[in-house]
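Every number for a ligand or one of its atoms is a count from 1 in the order of the listing. Scope of the values below: all heavy atoms of this structure, side chains included, with no hydrogens, waters or symmetry mates.
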Amino acid sequence: MDEMANTSPWEDDKPHEECGVVGIWGSADAAALAALGLHALQHRGQEAAGLVSMEESGIFHSHKGRGLVGDNFGDAAVIAGLPGRAAVGHNRYATTGETALRNVQPLYADFEFGGFAVAHNGNLTNAHTLKRALVRRGCLFQSTTDSEVFVHLIAISLYSTVTDRLIDALKQVQGAYSLVALHNGALLGARDPLGVRPLVIGRLPAGGFVLASETCALDIVGAEFVRDVEPGEIVVIDDAGLRSQKPFAKQPSRFCIFEYIYFARPDSIVEGTPVYDTRKRIGAELARESGVAADVIVPVPDSGVPAAMGYAVEAGLPFELGIIRNHYVGRTFIEPTDQIRHLGVKLKHSANRAIIEGRRVVLVDDSIVRGTTSRKIVEMVRAAGATEVHMRISSPPTTHSCFYGIDTPERSKLLAAKHDVAEMAKIIGADSLAFISLDGLYRALGRPGRDAASPAYCDACFTGDYAIPLLDQQDNAQRPVSLLAAANS
Ligand code: AMP
C-alpha cells in the first residue's frame with residue numbers, strides 16, 4: 001500500500017481537494033516566489049506540491065512531488081529548472097491512492113492555442129456527472145482530480161480566447177473552487193459564484209502580481225495586499241495590468257465559515273479582518289455563552305490557541321499552555337494497528353502537569369469531528385491531575401460533511417451527527433461540554449446573528465444547508481471514471 005495511506009486524519013478514501021494555490025506574474029523569480037507562497041500555505045495541504053513556470057517564449061516547465069514544499073522545492077537546482085516570469089503552484093491535501101503523482105497539480109495540457117496550466121482549491125459537486133459526459137465524448141482522463149474537468153471543458157470549448165473558454169468551462173461546473181491558471185498571454189484567477197473558497201490579489205514590490213489562497217502567502221514574498229478576488233469574478237493579469245470579468249449573475253456570497261474557525265492561518269486577513277482577531281472574538285463569545293467556574297484556560301494546540309486566549313480574557317481566568325505539542329511528529333509515521341494509532345495523540349500532545357495538577361481546567365479546541373482528539377486529550381489532562389475537565393469548542397457541532405473542499409469524514413463518522421451534547425460529553429469523558437451557538441459564531445464575525453433566509457457564510461457543516469447543489473451525491477449511478485486509482489493504491 002501507498003506509504004501515504006495513513007496520513008489523512010480521517011482514514012477514508014474519498015478524494016479531497018483541501019488545498020492552497022498561488023500564481024505569480026511579472027517577476028524574474030516567479031518560480032522561487034511561488035514556492036515561497038506555497039510554503040506559507042503549507043497548512044492547506046501537505047501531501048504533495050507542484051509548480052509550473054512559463055518562459056516568455058511560451059515554453060512551460062513543471063516540477064511536482066509528494067511531500068512538503070521544502071522537500072520538493074528547497075533545492076536551488078529545482079528552482080533553476082523552472083525559468084520564466086510567470087508561475088502557478090499548488091499544495092495538495094489528499095488521501096491514499098489519490099496522491100498518485102498524476103493527480104498532483106497544477107495540471108498541464110497542450111492546446112491549439114499553446115500550453116495551459118491550471119490548479120484549483122475546492123470541490124466540484126458535478127465533477128462525476130461532467131466526467132461521464134466528457135468520457136462519452138471521447139475525452140481521455142489522465143487523473144482523478146477535478147481540475148482535469150476544467151482542462152477538458154476548455155479543450156472542447158468553441159470560444160476563441162482562453163479567457164472565454166475558461167468562462168465557458170466555469171459556467172458548466174458547479175461547486176466551490178478558487179483556481180489559478182496560466183497560458184502564454186496571461187495569469188488567470190477565478191472564484192466560484194458564491195465565493196466559498198478564498199483567493200486574494202497582491203502586488204509585488206518590483207511590479208508584478210500574486211494570486212494566492214491567503215494573505216500569508218503575500219506576506220512571505222513582500223507583496224502588498226490589493227483585494228480579494230470577488231465571488232464569481234475572473235481576473236486576467238498580463239503585462240498591461242489586471243482586468244476583471246464577472247460573467248455570473250450577482251448573488252449573495254457564502255464564504256466558508258470554517259476558514260475562520262480552523263483552516264486559514266491565524267496571520268491571514270480574511271474579508272478585511274485578521275483571522276487571529278476573529279478567533280479571539282469567537283473565544284470571547286464562547287466564554288459569554290458557556291462560562292464555567294474554573295482555575296485555568298488551556299488551549300488544545302495549535303488550532304485552539306487564539307480562541308482560548310479570547311475565552312480567558314473574557315472569563316478573567318489565566319491562560320496557560322497546559323498541553324504541549326510536539327512539532328516533530330513525522331507525517332509518514334506508520335500506525336499499523338488500532339492500538340498504535342491510539343497512541344497518536346500522545347505522540348503529538350503531552351500534558352504539562354505543573355499547570356494542570358489540582359486545577360479545574362477548561363480546554364478550548366476549535367472543533368470536534370469524530371471525537372478522537374477530545375477523548376484522548378481529556379483523558380490525558382485527567383491523568384495529569386486535573387480535578388475537573390470542561391471542554392469548550394469554538395464552533396457549533398459538526399453535524400454534516402463538507403462537499404466544498406474541507407476534508408471531513410462521512411456523516412456517519414461525525415460524533416455530533418449521532419449524539420446530543422450531553423452524550424458527547426460522556427463519550428469524551430468531560431465534566432461538561434459546550435459549543436458556541438450558531439448565532440454566537442455569527443455575532444463574533446460581526447453579524448447580528450444567522451439570517452436563516454440569507455446566511456452570510458457557508459455553514460453547511462453545522463447546519464446541513466448546502467447552498468450549492470450536490471449533484472454527484474444525488475447521482476446514484478456515479479462510479480469512478482478511472483480504475484487506475486484502485487490499481488495504484
Ligand atoms: P476529531 O479528533 O476527529 O474530533 O477531530 C478534531 C480535531 O481535528 C480538532 O482538534 C481540529 O483542530 C482538527 N480538525 C478539524 N477539522 C479538520 C480538518 N478538516 N482537517 C484536519 N484536522 C481537522
Side-chain angles (χ1 to χ4, degrees), residues 6-12 14-20 41-47 91-95 121-123 176 196-197 213 256-266 275 279 282-283 286 298-308 323 325-326 329 331 335 338 341-349 363-381 391-419 421 423-425 427-430 433 435-436 458-462:
N6 288 320
T7 56
S8 166
W10 316 129
E11 293 140 27
D12 62 4
K14 63 181 177 165
H16 302 284
E17 306 286 350
E18 185 180 52
C19 307
L41 296 172
Q42 190 75 82
H43 60 289
R44 298 184 74 88
Q46 301 92 35
E47 308 305 333
N91 276 339
R92 179 172 173 80
Y93 185 120
T95 61
N121 161 219
N123 264 358
V196 176
R197 303 257 66 89
S213 296
C256 168
I257 209 160
F258 203 64
E259 291 271 352
Y260 280 111
I261 292 165
Y262 169 81
F263 205 38
R265 226 170 77 161
V275 171
R279 288 187 187 157
I282 297 173
L286 182 61
V298 169
V300 178
D302 292 326
S303 48
V305 173
I323 298 168
R325 178 167 166 201
N326 183 339
V329 180
R331 288 197 56 82
E335 298 169 341
D338 274 354
R341 192 170 294 140
H342 193 74
L343 286 177
V345 81
K346 298 210 176 91
L347 288 170
K348 203 169 163 191
H349 297 116
L363 293 171
V364 181
D365 201 358
D366 66 273
S367 55
I368 292 183
V369 183
R370 292 180 310 189
T372 324
T373 308
S374 306
R375 197 157 39 84
K376 290 174 187 168
I377 296 265
V378 169
E379 186 186 313
M380 193 169 74
V381 168
M391 181 63 103
R392 294 293 177 269
I393 303 294
S394 66
S395 64
T398 302
T399 50
H400 290 75
S401 303
C402 178
F403 297 99
Y404 304 142
I406 298 285
D407 185 20
T408 30
E410 63 185 52
R411 193 157 183 231
S412 63
K413 293 188 180 147
L414 300 174
L415 199 63
K418 291 183 290 188
H419 302 281
V421 176
E423 287 169 347
M424 290 173 81
I427 291 167
I428 66 167
L433 167 68
F435 295 81
I436 193 167
C458 176
D459 52 20
C461 49
F462 309 132

**Student:** At a 4.0 Å threshold, what atoms of ligand 1 neighbour a non-hydrogen atom of Gly371?
**Tutor:**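 Answer, ordered by atom number: 1 (P), 3 (O), 4 (O).
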**Student:** With atoms numbered from 1 as shown, which atoms in ligand 1 lie under 4.0 angstrom from a non-hydrogen atom of Ile406?
**Tutor:**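 Near Ile406, meaning under 4.0 Å from one of its heavy atoms, ligand 1 has 19 (N).
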**Student:** If you define the side chain from C-beta out and look only at heavy atoms, does anything of Asp366 sit under 4.5 Å from Ser395?
**Tutor:**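 Asp366 does not reach Ser395 side chain to side chain.
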**Student:** With rounding to the nearest 0.5 Å, note down the distance linking OG in Ser213 to CG in Asn121.
**Tutor:**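 Ser213 atom OG to Asn121 atom CG measures 5.0 Å (nearest 0.5 Å).
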**Student:** Looking at ligand 1, would Val300 count as a contact under a 4.0 Å heavy-atom criterion?
**Tutor:**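 Per 4.0 Å heavy-atom rule, Val300 does not contact ligand 1.
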**Student:** Using heavy-atom distances, let me know which of Ala416, Ser374, Ser367, Cys402 sits nearest atom 15 (C) of ligand 1.
**Tutor:**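 Of the listed residues, Ser367 has the closest heavy atom.
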**Student:** If I compare all heavy atoms of Pro409 with all of Val369, which pair ends up nearest, and what's the gap?
**Tutor:**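 Heavy atoms only, the tightest pair is CD-CG1, 3.5 Å.
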**Student:** Where on Thr373 is there a heavy atom closer than 4.0 Å to ligand 1, on the side chain, on the backbone, on both, or on neither?
**Tutor:**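 Answer for Thr373: both.
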**Student:** Starting at CG of Leu433, measure out to CG of Leu363 and round the result to the nearest 0.5 Å.
**Tutor:**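 So the gap between those two atoms works out to 11.0 Å.
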**Student:** Looking only at non-hydrogen atoms, find the nearest pair between Phe462 and Thr399 and report the distance.
**Tutor:**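 Closest heavy-atom pair between Phe462 and Thr399: O-OG1, 3.4 Å.
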**Student:** Would you give the length of the straight line joining atom NZ of Lys418 to atom CE of Met424, rounded to the nearest 0.5 angstrom?
**Tutor:**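 Going from NZ on Lys418 over to CE on Met424, the span is 10.5 Å.
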**Student:** Between Phe258, Tyr93, Tyr262, which one has a non-hydrogen atom sitting closest to atom 13 (C) of ligand 1?
**Tutor:**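 Minimum heavy-atom distance to atom 13 (C) of ligand 1 goes to Tyr262.
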**Student:** At a non-hydrogen distance cut-off of under 4.0 Å, which region of Thr372 contacts ligand 1 (side chain, backbone, both, or neither)?
**Tutor:**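 Looking at Thr372 and ligand 1, atoms from backbone and side chain both fall under 4.0 Å.
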**Student:** For ligand 1, find out whether one of its N or O atoms is nearer than 3.5 Å to an N or O atom of Val369.
**Tutor:**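 Looking only at distances, the answer is yes, because the N/O contact criterion of under 3.5 Å is met.
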**Student:** Using a strict 4.0 Å cut-off to heavy atoms of Ser303, name the atoms of ligand 1 that fall inside it.
**Tutor:**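 Atoms satisfying the 4.0 Å criterion: 12 (O).
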**Student:** Counting from 1, what ligand 1 atoms have a heavy atom of Asp407 closer than 4.0 Å?
**Tutor:**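 That gives atoms 18 (C), 19 (N) of ligand 1.
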**Student:** Calculate, to the nearest 0.5 Å, the distance between atoms OG1 and CD1 belonging to Thr398 and Ile406 respectively.
**Tutor:**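 One gets 11.0 Å once the value is rounded to the nearest 0.5 Å.
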